[in-house]
Protein chains: 2
Amino acid sequence: MGKIEEAIQQKEFKDPYNKLVVNLLYTHSYMVTTQNCLFKPHDLSPEQYNVLRILRGQNGAPTTVSSIQDRMLNKMSNASRLVDKLKMKELVKREECPSDRRQVDVVITQKGLDLLAQLELLVEENNKNALHLSIEEVNQLNDLLDKLRG
Amino acid sequence: MGKIEEAIQQKEFKDPYNKLVVNLLYTHSYMVTTQNCLFKPHDLSPEQYNVLRILRGQNGAPTTVSSIQDRMLNKMSNASRLVDKLKMKELVKREECPSDRRQVDVVITQKGLDLLAQLELLVEENNKNALHLSIEEVNQLNDLLDKLRG
DNA sequence: TTGGATTTAATGTATATACATTCAAATGTA
DNA sequence: TACATTTGAATGTATATACATTAAATCCAA
């Protein structure tokens, strides 16, 4: 894979800031590609996986659609439709919230929990294989990304 | 914005590798959001902007659809359809390649070049405003991302 | 308590990604 | 030359993002 200049056949960048934007977009695509390969055999998209992870993190407590939305990595994704897809696969349950009938309580099913458990090791392995960095570099990168967003 | 843990309301991560994947996805979404805001008033998407940039980088030389595809940040994007959208806006021209009639030569128009020129300063400003990092940190981040992909 | 404002989820539409498939043109080999 | 293979672009379909809009339920203030 190597340097971004070779990967996209661009000789040089206007400035390091411009290069960083391109590098982020390209690296994102690289990571998502590995995730797609991993999840595809299980008929799951990375985004659907993320919703399941959020629901499991609630430890069985019902979670409203808007609460899922708030916790999603992409704030513009559509939790309502993702939940719909997961429900069709019986990975989540969806019930009207008794205290506020506008809201919808979403809970991960046992089938959903089983799928997450099954993927656990694969995801961990995939991450470590895809990220060609030492623990120190990973920590450094995490700090820089946190700082990037201000 | 701050630390990723607060941003997505997740208390802790399984390991730094897992955190990095989440951080990359979240930071990508952050950057693309700023780009969308920038390009939207000009009826352009970040991906269409990227194609125009690639074509300008060819200095007027015709570029085939597959060559555009190779240079794109996301290798799974569909250059054919993006070129189609740009042609409808008269930002590119598309002609049958005389030496190989399977291929299609794409060239950026003056209108396309004018639009890029108009966006030049805005993009630069947007990048510097969105990336809350010093030049040194930007360079460090670029190196780490290059290394990440191996 | 009524009626406007707000909240929540669902839905509609355009764009893009992630594939698979198609079809014409070119290539290579018997 | 003839025919199978490969290549390049377009197209089809499912999923997801990026909005705007809708409709119902709740809230709140007159």
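Heavy atoms only: backbone and side chains are in, while hydrogens, waters and symmetry mates are out.
Protein atom CG of A:D84 is 9 Å distant from nucleotide atom C1' of C:dA10, rounded to whole Å. Look at CG on A:L86: it is 16 Å from P on C:dA9, rounded to the nearest Å. Counting to the nearest Å, the P atom of C:dA16 and the CG atom of B:N74 are 12 Å from each other. We find that CG of B:N36 is positioned 10 Å from C1' of C:dT15, with the value rounded to whole Å. To the nearest angstrom, P of C:dG12 lies 9 Å from CZ of A:R81. Regarding B:L44, its CG atom lies at a distance of 18 Å from the P atom of C:dA14, rounded to whole Å. Regarding A:E47, its CD atom lies at a distance of 18 Å from the P atom of D:dA14, rounded to whole Å. The distance between atom CD of A:Q103 and atom P of C:dT6, rounded to the nearest whole Å, is 18 Å.
Remark on DNA chain C: of its neighbouring residues B:R101 and B:D43, the 5'-side contact belongs to B:D43, judged by nearest-heavy-atom nucleotide. Along DNA chain D, the nucleotide closest to A:K75 and the one closest to B:A79 are compared, and the more 5′ of them pairs with B:A79. A residue-by-residue look at A:C37 and B:K89 shows that B:K89 has its nearest nucleotide of DNA chain C further toward the 5' end.
Judged purely by atom type and a 3.5 angstrom limit, A:Q69 uses its side chain to pair as donor or acceptor with the backbone of A:A79. For the pair B:T27 (side chain) and B:N23 (backbone), a donor-acceptor distance under 3.5 Å is present. Side chain of A:K75 to backbone of A:D70: a donor-acceptor contact under 3.5 angstrom is found. Formation of a donor-acceptor pair under 3.5 Å by the A:Y17 side chain with backbone atoms of B:L133 is found in this model.
At a threshold of 4.0 Å, the pair A:D84-A:R94 counts as salt-bridged, since one of the basic side-chain nitrogens sits closer than that to a carboxylate oxygen. Looking at A:D43 and A:K40, no side-chain N of the basic residue comes within less than 4.0 Å of a carboxylate O on the acidic one, giving no salt bridge. A salt bridge does not link B:K11 to B:E5: none of the charged nitrogens lies less than 4.0 Å from a carboxylate oxygen. Salt-bridge check for A:R56 with A:E120: passed, with a basic side-chain N closer than 4.0 Å to an acidic carboxylate O.
Residue contacts for B:T33: at a heavy-atom cut-off of 4.0 Å it reaches no nucleic acid atom on any strand shown. Here B:T64 lies in heavy-atom contact (under 4.0 Å) with sugar-phosphate atoms only. The residue A:N78 sits close to a base: some heavy atom pair falls under 4.0 Å.
Set against C:dA26, C:dT13, D:dT15, the side chain of A:K85 has D:dT15 as its closest nucleotide. When each of C:dA25, D:dA9, C:dA9 is scored by its nearest atom to the side-chain atoms of B:D100, the top-ranked nucleotide is C:dA25. Of the listed nucleotides (D:dA10, C:dC19, D:dA25), D:dA10 has the atom at the smallest distance from the side chain of B:V65. In this structure, the nucleotide among D:dT11, D:dC19, D:dA18 sitting nearest to the side chain of B:K40 is D:dC19.
One finds a side-chain N or O of A:Q48 lying less than 4.0 angstrom from the OP1 or OP2 phosphate oxygen of D:dA16. Residue A:S80 has no polar side-chain atom (N or O) positioned under 4.0 Å from OP1 or OP2 of C:dT11. OP1 or OP2 of C:dA10 sits under 4.0 Å from a side-chain N or O of A:R94. The phosphate of D:dT22 (OP1 or OP2) has no side-chain N or O of A:R102 nearer than 4.0 angstrom.
Each end of the helix from C:dT1-D:dA30 to C:dA30-D:dT1 gets its own axis from five base pairs, and the two axes differ in direction by 0°, given to 10 degrees.
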